[in-house]
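One structure below.
No hydrogens, no waters, no symmetry mates; every other heavy atom, side chains included, goes into these values.
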Amino acid sequence: MTRTRSLVRLAAAAAIATAAIAAVRPTAQPVPYDILIGGGHIVDGTGNPWVAGDVAIKNGRVVAVGRLASSVAARTIDARGLVVAPGFIDLHTHSDITVLADGTAQSKIRQGVTIDVLGETTSVAPRDGLSAEAGRDGAGEAQWSVAFDWTTFSQYFARVERQGVSMNLISHVAAEQVRRVVMGYESRPPTAAELDRMKKLVARSMQEGAWGLVTRFESGGPDHPEEVIELAKVAASYGGNYTSHIGSEGFEQEKEIRFAIRVADEAKIPVHIFHLKIRAKDNWGTVGKYVAMIDDARARGLDVTANQYPYTAMNHGWSAFFPVWAREGGPAKFAERLKDPAVRDRIKHDKDFVTWAKEHGWWEGIVMGRAGSEKNRRYEGLRISEMAKLRGDADPADTCLTLMAEDGGRISGMFHTMSEDDVRLVMRQPWVAIASDGSAINLEAPGVPHPRNYSTNARVLGYYVREQRVLTLEDAIRKMTSLPAQILGLRDRGQLREGFAADVAVFDPANIGETNSFDKPKSYARGVE
């Protein structure tokens, strides 16, 4: 499999979404086009101003863009009053398993998203020698009833194609996943033989269709930086990129961004940073420092970009703010340690636990999104401070530790820890794309998910473009289409251009927007039908 085939393309015109009624035109004459989208405001994805016109599609490709009023097609879509844009590319998602549970990808398609990029933290492959449960940490994918019957990217992609999915998929290979296959949960440096095997697994994954290398670190950066650089060099040799999910985004963010820039320099590879932000109230107003670091790297000729989601709250497992020593050895050993009252007391007084909990919003900002047990689902949607009051706990830290012990460390949730001013500053940077950090899910998703799963793109177009005018419509669409395509090196996506794949989104600019909230997140976006 070549890298150009690693984008799993399964829909004929991959989510042509419109608020208009499509009609079939009977004709006895041969039809030159399969689909004609007529009369819309075409925003081509480059950032250029919109133009009035039509888009013609044949055999899954855009074959004409312009004034095509006299043309005929097997199907016509009346787009008058609507925007016609390239399908949106979501650079950071966790849809790896959810698209196997429900391939309709409702939360994404209903926003006009036509490509999801997978692989952050623990990618779907390689899985050589791992058990079915390996790689399903925290309270995320483990609650989706999906059998792991693959070990390679080729096998995963084949299963997705066999089951069917309503959008396109790309996946990175995660350095953490590769290390786990070779070394389990050991935290020591690899031997020369182990590093060689890790490099071979990255090479095999790239040959099977992985798009690049992705890393996720604990707060402060990688324990073994040379290992990461060597793996990044392998991805670079296949034309791939390096994507960094930095672990701190708070008190130690400078160190981690410097390492990402170092990878760009030493591995000679494009570098992309997941969800650039600054968290912890004590850090608000300082994100400009990190923007300047990336600007400086770009001025030196290094290809460094970033993405963001348009919210002031983040989402992941509660375990992320627990000390590294408590999580050493993987989820099973972490869960076992939490059963020991003496260990819980040690965690409570650990400076990292206190610092990282504050960085995540402290007890007033940390929310339970999904419990790890049936008995604690009554707390889903509540903040730790609220749970403490309900339970009669004097110290919310005890509430947190007790619930984590009861649920084996498998609790995830939201963290209200960022400022709106910082979100807007990052959004305005020309090298920042829009990405959800969410999953393709439906309204039956368990727990209380982050609203970004359903509304990231629609929120940008409705709230930040139409209402707040933080971005122009054309630039917002560029950040969802041609910029992500450029970051990924996709040569035939991200623009409405003759010869490009017919990934198209049609929406009502006066109506598009979110219909959900943090309190009631399970609601599809409006304006894209």
What heavy-atom pair brings [X] and [Y] nearest, and what distance separates the two atoms?
X      : Y      : result
Gly240 : Pro270 : O-CD, 3.9 Å
Ala264 : Val304 : CB-CG2, 4.1 Å
Ile269 : Ala232 : CD1-O, 3.5 Å
Ser436 : Asp90  : OG-OD2, 2.6 Å
Ala326 : Ile347 : CB-CD1, 4.0 Å
Thr215 : Tyr242 : OG1-OH, 2.6 Å

ask   = What's the verdict on side-chain hydrogen bond (donor to acceptor under 3.5 Å, both in side chains) for Asn283 and Thr286, showing C-alpha distance, side-chain angles and the deciding distance?
value = CA-CA 6 Å; Asn283 293 322; Thr286 66; 4.8 Å; no
Nearest-0.5 Å distance that lies between atom [atom1] in [X] and atom [atom2] in [Y]:
X      : Y      : atom1 : atom2 : result
Arg258 : Tyr290 : CZ    : OH    : 9.5 Å
Tyr524 : Asn516 : OH    : CG    : 11.5 Å
Asp96  : Ser439 : CG    : OG    : 8.0 Å
Asp149 : Arg127 : CG    : CZ    : 10.0 Å
Ser107 : Lys522 : OG    : NZ    : 12.0 Å
Asp116 : His94  : CG    : NE2   : 10.5 Å

Basic-acidic side-chain contact under 4.0 Å: [X], [Y]:
X      : Y      : result
Asp492 : Arg61  : yes
Arg197 : Glu194 : no
Arg216 : Glu176 : no
Arg346 : Asp350 : no
Asp223 : Arg179 : no
Lys233 : Glu230 : yes

Check against salt bridge (Lys or Arg N to Asp or Glu O under 4.0 Å), Asp196 and Lys200 = CA-CA 6 Å; Asp196 184 63; Lys200 287 177 179 177; 3.2 Å; yes
query = Taking the six-membered ring where the residue is Trp, are the ring centres of His360 and His316 under 6.0 Å apart?
reply = yes
query = Where does the angle between the aromatic ring planes of Phe353 and Phe321 fall among parallel (under 30°), tilted (30 to 60°) and perpendicular (over 60°)?
reply =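 Aromatic pair Phe353/Phe321 classed tilted.
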query = What orientation do His275 and His92 show, parallel under 30°, tilted 30 to 60°, or perpendicular over 60°?
reply = tilted
Okay, side chain of [X], backbone of [Y]: is any donor-acceptor separation there less than 3.5 Å?
X      : Y      : value
Glu380 : Val448 : no
Tyr454 : Asn442 : yes
Asp340 : Arg337 : no
Gln155 : Thr151 : yes
Lys289 : Glu254 : no
Lys333 : Glu328 : no
Ser166 : Thr104 : yes
Gln111 : Thr456 : yes
Arg344 : Ala405 : no

Is the shortest heavy-atom distance from the side chain of [X] to the side chain of [Y] under 4.5 Å?
X      : Y      : result
Met314 : Thr417 : yes
Leu276 : Trp431 : yes
Phe217 : Val228 : yes
Leu100 : Phe148 : no
Trp318 : Ile384 : yes
Val124 : Leu118 : no
Pro446 : Arg370 : yes
Asp295 : Val291 : yes

request  = Only one of Asn307, Asn241, Thr243 passes side chain to side chain donor-acceptor pair (under 3.5 Å) with His272; say which it is.
outcome  = Asn307
message = Is there a side-chain contact (heavy atoms from CB on, under 4.5 Å) between Phe415 and Arg279? Walk through the geometry before answering.
response = CA-CA 9 Å; Phe415 307 87; Arg279 66 194 192 202; over 6 Å; no
Between [X] and [Y], do the side chains contain an N or O donor and an N or O acceptor separated by less than 3.5 Å?
X      : Y      : value
Glu120 : His172 : no
Ser244 : Glu256 : no
Asn168 : Thr114 : no

query = Taking it one step at a time, do Arg262 and Glu226 satisfy salt bridge (Lys or Arg N to Asp or Glu O under 4.0 Å)?
reply = CA-CA 11 Å; Arg262 178 187 168 191; Glu226 300 301 329; 2.6 Å; yes
task = Decide side-chain hydrogen bond (donor to acceptor under 3.5 Å, both in side chains) for Glu406 and Ser373; before the verdict, give the C-alpha distance in whole Å, the side-chain angles of both, and the deciding distance to 0.1 Å.
result = CA-CA 8 Å; Glu406 291 175 352; Ser373 68; 6.0 Å; no
task = Show your working on side-chain contact (heavy atoms from CB on, under 4.5 Å) between Phe274 and Asp437 and close with a plain yes or no.
result = CA-CA 8 Å; Phe274 278 151; Asp437 194 12; over 6 Å; no
query = Val423 and Thr312: side-chain contact (heavy atoms from CB on, under 4.5 Å), yes or no, with the steps?
reply = CA-CA 7 Å; Val423 169; Thr312 57; 4.0 Å; yes
message = Does the structure place the NZ or CZ of Arg452 under 6.0 Å from the centre of the six-membered ring of Tyr309, at an angle of no more than 45° from the ring's axis?
response = yes
inquiry  = Pair Glu359, Ser248 - check side-chain contact (heavy atoms from CB on, under 4.5 Å), show working.
reply    = CA-CA 9 Å; Glu359 196 175 90; Ser248 171; 3.7 Å; yes
